**Student:** 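If you scroll down you'll find the structure; I have some questions about it.
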Amino acid sequence: MGCITGHEWSQRLTMAETGSQDDPLHVLVIEDEDMIRRVVVGYLEQAGYRVTEAAEGHAGVDLARSESPDVLVLDVGLPGIDGIEVCRQVRTFTDAYIIMLTARSDEVDKLIGLSVGADDYLTKPFSPRELVARIKVMLRRPRAQPVAGDVQARVFGELRVDPESREVTLAGAPIDVTRTEFDILDVLSANPRRVHSRARLVDEVWGQGWVGDERVVDVHVAHIRAKLGEDVAEPRYVLTVRGVGFKMGPG
Ligand code: CA
């Protein structure tokens with residue numbers, strides 16, 4: 001797992017990514033381990049964000065509601081209600097970016113089966129610098145410019161992906177996808193005949209500064225498939241090309 005240097009990191013730190021001095025972007029950190037929470041809060045404050053913290057799930061949901069943060073850093077393993085349930089509840093009233101912290105990489109496998117609506121995942125132990133870099137990458141999305149090429153809606157059987165309005169419909173019914181899910185569909189559907197490797201999808205969706213476990217792509221693809229009501233054994237729209245990556249179907 002790579003890590004950007006402190007020098008690169010400070011070069012990347014700009015007002016545009018943290019908000020203005022008077023109105024900094026707000027990050028809510030929900031983590032029960034005091035040590036980790038303190039370090040994460042310290043790094044985020046140093047990076048120019050306003051930070052609120054909670055050590056427990058219910059308190060985290062309440063703060064997300066009252067404080068309207070721009071970003072949530074959310075631990076999966078929490079006392080009270082766990083991070084997965086916090087994510088579900090928070091998603092009913094906010095479109096904030098959510099980055100989930102998982103204790104072991106097998107928790108990523110667990111998350112693949114759940115459609116919780118997080119935008120990114122980070123496995124412990126992680127570097128706090130990496131977390132800050134991930135948050136910045138998230139805040140840069142959706143991209144200022146659409147994917148080069150046509151911006152017509154793209155149609156695959158009953159699935160319609162509209163890069164202009166960032167809407168997805170299936171047989172005319174709107175599908176509620178997260179930003180990350182939309183970005184993955186956007187990249188895949190822009191070049192439907194191409195097989196996209198996980199590394200390529202990471203580059204295009206998260207940006208080249210992203211470091212971490214490429215299996216996050218599988219988590220989001222699983223969520224997309226669940227929302228499209230796909231048969232996991234025989235998906236119609238986002239196809240797995242074994243040993244290579246993903247492509248759009250039918251094709
Ligand atoms: Ca924990």
Side-chain angles (χ1 to χ4, degrees), residues 18-19 24-47 49-139 141 176-182 206 212-213 215-224 226-227:
T18 55
L25 291 172
H26 181 192
V27 183
L28 170 60
V29 178
I30 309 174
E31 162 66 85
D32 60 312
E33 284 165 73
D34 292 342
M35 180 85 112
I36 296 178
R37 193 179 65 253
R38 249 178 270 146
V39 170
V40 165
V41 168
Y43 267 85
L44 289 169
E45 285 177 345
Q46 207 188 338
Y49 299 101
R50 183 160 79 84
V51 186
T52 309
E53 53 187 290
E56 183 270 322
H58 289 291
V61 173
D62 289 346
L63 279 171
R65 202 187 297 273
S66 61
E67 298 285 313
S68 305
D70 301 290
V71 179
L72 271 81
V73 175
L74 176 58
D75 187 31
V76 171
L78 289 172
I81 51 173
D82 70 11
I84 291 165
E85 182 55 27
V86 170
C87 189
R88 279 211 190 97
Q89 293 190 16
V90 163
R91 267 287 172 256
T92 63
F93 59 83
T94 178
D95 199 27
Y97 289 97
I98 299 178
I99 180 162
M100 297 199 78
L101 307 178
T102 62
R104 303 171 308 276
S105 49
D106 60 339
E107 275 186 355
V108 174
D109 295 330
K110 196 171 98 186
L111 288 164
I112 288 177
L114 299 165
S115 194
V116 293
D119 296 287
D120 204 356
Y121 302 88
L122 199 53
T123 303
K124 293 176 181 177
F126 59 88
S127 134
R129 281 200 191 109
E130 183 186 338
L131 174 65
V132 172
R134 290 274 192 100
I135 288 172
K136 287 181 184 166
V137 168
M138 276 198 297
L139 289 169
R141 295 161 42 210
D176 187 19
V177 291
T178 66
R179 273 168 287 231
T180 304
E181 290 158 8
F182 185 85
W206 281 266
D213 189 338
R215 282 186 310 158
V216 293
V217 175
D218 297 75
V219 177
H220 293 289
V221 166
H223 293 170
I224 292 168
K227 288 178 179 181

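The shown structure was predicted, so the numbers you read here are calculated from the model rather than taken from an experiment. Counting begins at 1 with the first residue of the sequence.
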**Student:** Using the side-chain contact (heavy atoms from CB on, under 4.5 Å) rule, take Ile135 and Val73 through it: C-alpha gap first, then chi angles, then the decisive distance, then the call.
**Tutor:** CA-CA 9 Å; Ile135 288 172; Val73 175; 3.8 Å; yes
**Student:** Just wondering, do Lys227 and Asp176 contact through their side chains at under 4.5 Å, heavy atoms?
**Tutor:** no
**Student:** Scan the side chains in residues 27-39 for donor-acceptor partners under 3.5 Å anywhere in the protein, sequence neighbours excluded, and list what turns up.
**Tutor:**
| from | atom 1 | to | atom 2 | distance (Å) |
| --- | --- | --- | --- | --- |
| Glu31 | OE1 | Lys124 | NZ | 2.9 |
| Glu31 | OE2 | Glu33 | N | 2.9 |
| Glu33 | OE2 | Lys124 | NZ | 3.2 |
| Asp34 | OD1 | Arg37 | NH1 | 3.2 |
| Asp34 | OD1 | Arg37 | NH2 | 3.1 |
| Arg37 | NE | Glu53 | OE1 | 2.8 |
| Arg37 | NH1 | Glu31 | O | 2.9 |

**Student:** Do any N or O atoms from the side chain of Thr94 and from the backbone of Val90 form a donor-acceptor pair under 3.5 angstrom?
**Tutor:** no
**Student:** Look up atom OH in Tyr97 and atom CZ in Arg179, then write down how far apart they are to the nearest 0.5 Å.
**Tutor:** 4.0 Å
**Student:** State which residues pass salt bridge (charged side-chain N to carboxylate O under 4.0 Å, His left out) with Glu67; sequence neighbours excluded, sorted by chain then number.
**Tutor:** Arg50
**Student:** Between Thr52 and Pro69, is there a side-chain heavy-atom distance shorter than 4.5 Å?
**Tutor:** no
**Student:** Hey, could you give me the CG/OG1 distance between Leu122 and Thr102, rounded to the nearest 0.5 Å?
**Tutor:** 7.5 Å
**Student:** Could you please spell out the steps behind the salt bridge (charged side-chain N to carboxylate O under 4.0 Å, His left out) verdict for Lys136 and Asp120?
**Tutor:** CA-CA 12 Å; Lys136 287 181 184 166; Asp120 204 356; over 6 Å; no
**Student:** Would you give the length of the straight line joining atom CG of Leu72 to atom NE2 of His26, rounded to the nearest 0.5 angstrom?
**Tutor:** 8.5 Å
**Student:** Nearest 0.5 Å, please: how far is NE2 in His220 from OH in Tyr121?
**Tutor:** 5.0 Å
**Student:** Locate the shortest heavy-atom distance separating Met100 from Ile84; write the atom from each residue and the value.
**Tutor:** CE-N, 3.9 Å
**Student:** Mind checking the NE2-OG1 spacing from His223 to Thr180? Nearest 0.5 Å is all I need.
**Tutor:** 10.5 Å
**Student:** If I compare all heavy atoms of Ala59 with all of Ala54, which pair ends up nearest, and what's the gap?
**Tutor:** C-CB, 4.2 Å
**Student:** Is any side-chain heavy atom of Ile81 closer than 4.5 Å to a side-chain heavy atom of Val61?
**Tutor:** yes
**Student:** Is it the case that the side chain of Asp119 and the backbone of Ile98 share a donor-acceptor pair, with hydrogens and angles ignored and the cut-off at 3.5 Å?
**Tutor:** yes
**Student:** Give, for atom CG of Leu139 and atom OH of Tyr49, the distance between the pair rounded to the nearest 0.5 Å.
**Tutor:** 5.0 Å
